[in-house]
Amino acid sequence: MTQHNDPVRVRFAPSPTGYLHIGGARTALFNWLFAHANNGKMILRIEDTDRERSTLEDVDRIIESLKWLGLNWDEGPFFQSERKELYREYAQKLIDQGLAYYSDEQRGEHQAIIFSIPNEKVVIDDIIHGPMEFDNSLIKDLVIFKSDGFPTYNFACVVDDALMGITHIIRGDDHISNTPKQIPLYKALGFPVPKFAHVPLILGKDKSRLSKRHGATSVQSYQEEGFLPDALVNFLALLGWSPGDNRELMNRKELISLFSLERISSKNSVFDDEKLRWMNSVYIRESSYNDYKSLVMPFLKSAVGDDCEKHPELDYILSLLQERLKVLNEISEQSSFFFTDDFEYDEKSVAKRLLKPEVPEILSNLIHKLAVLEEFTDKTTENAARELVEEMGISGGAVIHPVRVALTGVMTGPGLFEIMQALGKEKCLIRIQNAIDLINSRSSSSVDMGK
RNA sequence: GACCCCAUCGUCUAGUCGGCCUAGGACACAGGGUUUUCAUCCCUGCAACAGGGGUUCGAAUCCCCUUGGGGUCGCCA
């Protein structure tokens, strides 16, 4: 592990002009992992110097998302909008030293202040990219105070990073070109220059920078879809970083102990939704039942109503579904038939499994078998079905498939006899009878069509 | 366009100072097994060092060029 002389201090510095983007979340995560791996501190700073676009709602949303992901911070949140005077002091120092000057262009109430960038080469020894050289004679002087009286990003950022004692700046690749502008600012202000680690961007399927047009990119939308924070954290950590062996499934503790900036790739990476979903299903499956239940209940309730909580077979039903959910909100489509009698019959399933000449007889025979059961469990119902199979000389599938469609409306789902137990005798008998009626009504009309 | 970054399977990646790489793992995909279905699980398969020059006994690994992709060029952050 890398040794650092000063106690490590990092920061995550979002601007509250939108949701927490998945890319921002990864940057926050890398900062968080680095801080924890080095016994350092993480600072949260809100960069709200754009008074037009910054909103309090966005501040809340971003903080909510960070909390949901479990990315806690040690200091802050600090708001740049509250530190205006501080920045002005430093700008004044630069003016006094002749390193900055007032703009002669008058645009607003205040006069903009501009920093003269020295015409020299700047080398950044980036932890991820290695040395990068820039020629500052090629760039224009830098506005550090806007005519609305607020500092610009580059200025406020440098002053804060220095004053807050930030040792490592871990931020997106898109800030690389800001760095050669910021370094002369550190020097002019007499601040030590921190270390930089520019992490590559996250791309969409088409290899362009991940954005709204690639679909949902806010952390909040992943939360709403039913991804677990642990799964998202694990997945995001692997986007651009790897521990070096073939390990992929790692909890936070492992992530922290294995993490290092040096192992972050310098290459952009494409966000693979499929792999995230797979990883999420692993986390759902491997959760304890109680954790899983508390995670999934809000999704179930919003899908089928709060009453589901009182369902006598709730735990049994949820446990049947635990191993087949990729995201939590799938609970809705996969369990509604347990909670309502008003579920949809999937036409393809009906055509394939119910509309067969032998089905009505099988179903009605099964009704007779089930009706006499005293105990109605997965075992007893299965025995009944096996007996029927025996007596009629048919295959197991010949009874199981149509019954599944009769009870659930679809061809896939948990084991049939578990479903029966969860549903209970009465509902099973009614639904099987309904299926028989459905078949009869269908066949009488199709007979006329000669088919 | 200028400046900068990047380049291993479709995707995420391993490949630490060049040899152990006939390039490993995971997701996805295909096939098979288990299963009443789906999912899980197990097995198998498919599939990559962008191209061209060097350097070297030897290069995916180093250098250069080309090509391709990305980022930045705001009194936005």
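Heavy-atom basis, side chains included; hydrogens, waters and symmetry copies ignored. Chain letters run A, B, ... following the sequence lines, proteins first, then strands; residues in each count from 1.
Taking the six-membered ring where tryptophan is involved, the planes of A:Y90 and A:F191 are tilted, since the angle between them lies from 30° to 60°. Relative ring orientation between A:F235 and A:F271 is described as perpendicular, the plane-to-plane angle rising above 60° on a 0-90° scale split at 30° and 60°.
Among the protein residues, A:T412 comes within range of the nucleic acid bases, having at least one heavy atom under 4.0 Å from a base atom. A:R386 comes within 4.0 angstrom of the backbone, heavy atoms only, and of no base. At the heavy-atom level, A:G397 lies nowhere under 4.0 Å from the strands shown. Residue contacts for A:T152: at a heavy-atom cut-off of 4.0 Å it reaches the sugar-phosphate backbone alone, with no base atom in range. Using a 4.0 Å heavy-atom distance criterion, A:I113 is classed as making no nucleic acid contact. Looking at heavy-atom distances under 4.0 Å, A:P200 makes no contact with the nucleic acid at all. Among the heavy atoms of the strands lying under 4.0 Å from A:R53 is at least one base atom, whether or not backbone atoms are also near. Backbone-only engagement by A:G240 is indicated by non-hydrogen atom pairs under 4.0 Å involving sugar-phosphate atoms exclusively. Counting non-hydrogen atoms under 4.0 angstrom, A:H175 reaches a base of the nucleic acid. Within the 4.0 angstrom heavy-atom criterion, base atoms lie near A:M411. No contact: A:E52 has no heavy atom under 4.0 Å from any strand. Among the protein residues, A:R277 comes within range of no part of the nucleic acid, since none of its heavy atoms lies under 4.0 Å from any strand. Within the nucleic acid shown, A:F134 comes within 4.0 Å of sugar-phosphate atoms alone, with no base atom in reach, counting heavy atoms only. Using a 4.0 Å heavy-atom distance criterion, A:L239 is classed as a sugar-phosphate-only contact.
Base pairing annotation: B:rC17 forms no Watson-Crick or G-U wobble pair, as no partner gives both donor-acceptor distances under 3.5 Å. Both distances falling under 3.5 Å, in either a Watson-Crick or a G-U wobble arrangement, place B:rC73 opposite B:rG1. Under the Watson-Crick or G-U wobble criterion, with both distances below 3.5 Å, B:rU56 has no partner in any strand shown. The pairing partner recorded for B:rG45 is B:rC29, the criterion being a Watson-Crick or G-U wobble arrangement whose two distances lie under 3.5 angstrom. Here B:rG68 sits opposite B:rC6 as a Watson-Crick or G-U wobble pair (both hydrogen-bonding atom distances under 3.5 Å).
Remark: A:S242 is in phosphate contact with B:rA14, judged by side-chain N or O atoms under 4.0 Å from OP1 or OP2. Regarding contacts with the backbone of B:rA77, a side-chain N or O of A:T49 is found under 4.0 angstrom from either OP1 or OP2. Phosphate contact (OP1/OP2 of B:rU13, side-chain N/O of A:S269, threshold under 4.0 Å): present. In terms of phosphate contacts, A:K352 brings no side-chain nitrogen or oxygen within less than 4.0 Å of OP1 or OP2 of B:rU37. Applying the 4.0 Å criterion to OP1 and OP2 of B:rA26, one finds that A:R247 has every side-chain N and O outside that range.
Between A:D135 atom CG and B:rC73 atom P there is a gap of 18 Å when expressed in whole angstrom units. Here the P atom of nucleotide B:rU35 and the CZ atom of A:R404 are 16 Å apart, to the nearest Å. What separates CZ of A:R263 from P of B:rU13 is a distance of 12 Å, to the nearest Å. In this structure, the CG atom of A:L416 is 11 Å from the P atom of B:rU36, given to the nearest Å. Protein atom CH2 of A:W278 is 18 Å distant from nucleotide atom P of B:rU11, rounded to whole Å. Rounded to a whole Å, the CD atom of A:E286 is 13 Å from the P atom of B:rU40. One can place CD of A:E323 at 12 Å from C1' of B:rU35, the figure rounded to the nearest angstrom. One interatomic measurement links the two molecules: CG of A:N268 to P of B:rU11, which rounds to 13 Å at whole-angstrom precision.
Nucleotides B:rC49 and B:rA23 place their C1' atoms 8 Å apart, quoted to the nearest Å. Using atom P as the reference point in both B:rA77 and B:rG53, the two lie 50 Å apart (nearest Å). For the C1' atom pair drawn from B:rA47 and B:rG54, the interatomic distance equals 30 Å after rounding to whole Å. For the C1' atoms, the distance linking B:rU35 with B:rC41 amounts to 10 Å, nearest Å. B:rG33 and B:rG19 have their P atoms separated by 43 Å, with the value rounded to a whole Å. If you take atom C1' in B:rG25 and the same atom in B:rC21, they sit 14 Å apart, rounded to whole Å. A gap of 22 Å separates the P atoms of B:rU16 and B:rU11, to the nearest Å. Remark: the separation of the P atoms in B:rG51 and B:rU34 is 43 Å, to the nearest Å.
For A:D174, the listed nucleotide lying nearest its side chain is B:rG71; candidates were B:rG71, B:rC5, B:rU37. With B:rG70, B:rC41, B:rU36 as the choices, the nucleotide that has an atom nearest any side-chain atom of A:F417 turns out to be B:rU36. Distances from the side chain of A:V143 to the nucleotides B:rG70, B:rC75, B:rA77 place B:rC75 closest. Residue A:E105 has its side chain nearest to B:rC75 when only B:rC75, B:rG25, B:rU11 are considered. The side chain of A:V270 approaches B:rU11 more closely than any other nucleotide in the set B:rU37, B:rU11, B:rA77. Nearest nucleotide to the side chain of A:R209, out of B:rU36, B:rU11, B:rG71: B:rG71. Nearest nucleotide to the side chain of A:L138, out of B:rU37, B:rG69, B:rC3: B:rC3. For A:A112, whose side chain is taken as the heavy atoms from C-beta onward, the closest listed nucleotide among B:rC41, B:rC75, B:rA77 is B:rC75.
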Stepwise ring pair (Phe, Tyr, Trp, His ring centres under 6.0 Å) test for A:F343 and A:Y345: CA-CA 7 Å; A:F343 59 91; A:Y345 277 90; 5.4 Å; yes

Working for ring pair (Phe, Tyr, Trp, His ring centres under 6.0 Å), residues A:H168 and A:F30: CA-CA 11 Å; A:H168 296 72; A:F30 283 169; over 10 Å; no

Residues A:L210, A:H21; criterion side-chain contact (heavy atoms from CB on, under 4.5 Å); working and verdict: CA-CA 9 Å; A:L210 190 67; A:H21 185 271; 4.2 Å; yes

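For A:D245 and B:rA14, a side-chain-to-base donor-acceptor distance below 3.5 Å is absent, hydrogens and geometry of angles not being considered. At a cut-off of 3.5 angstrom, counting only N and O atoms as typed in the model, there is no donor on one side facing an acceptor on the other between the side-chain of A:K267 and the base of B:rA7.
In this model, a donor atom of one side chain and an acceptor atom of the other lie less than 3.5 Å apart for A:S208 and A:D206. Donor-acceptor pairing under 3.5 Å is lacking for the side chains of A:E387 and A:N383.
The only option from A:N136, A:I124, A:N178, A:V158 that meets the side chain to side chain contact (heavy atoms under 4.5 Å, CB included) definition with A:I183 turns out to be A:I124.
A cation-pi arrangement, defined by a distance under 6.0 Å to the six-membered ring centre and an angle within 45 degrees of its axis, is absent between A:K379 and A:F417.
A:D230 places no side-chain N or O within 3.5 Å of a backbone atom of A:N251 that could act as its donor or acceptor partner.
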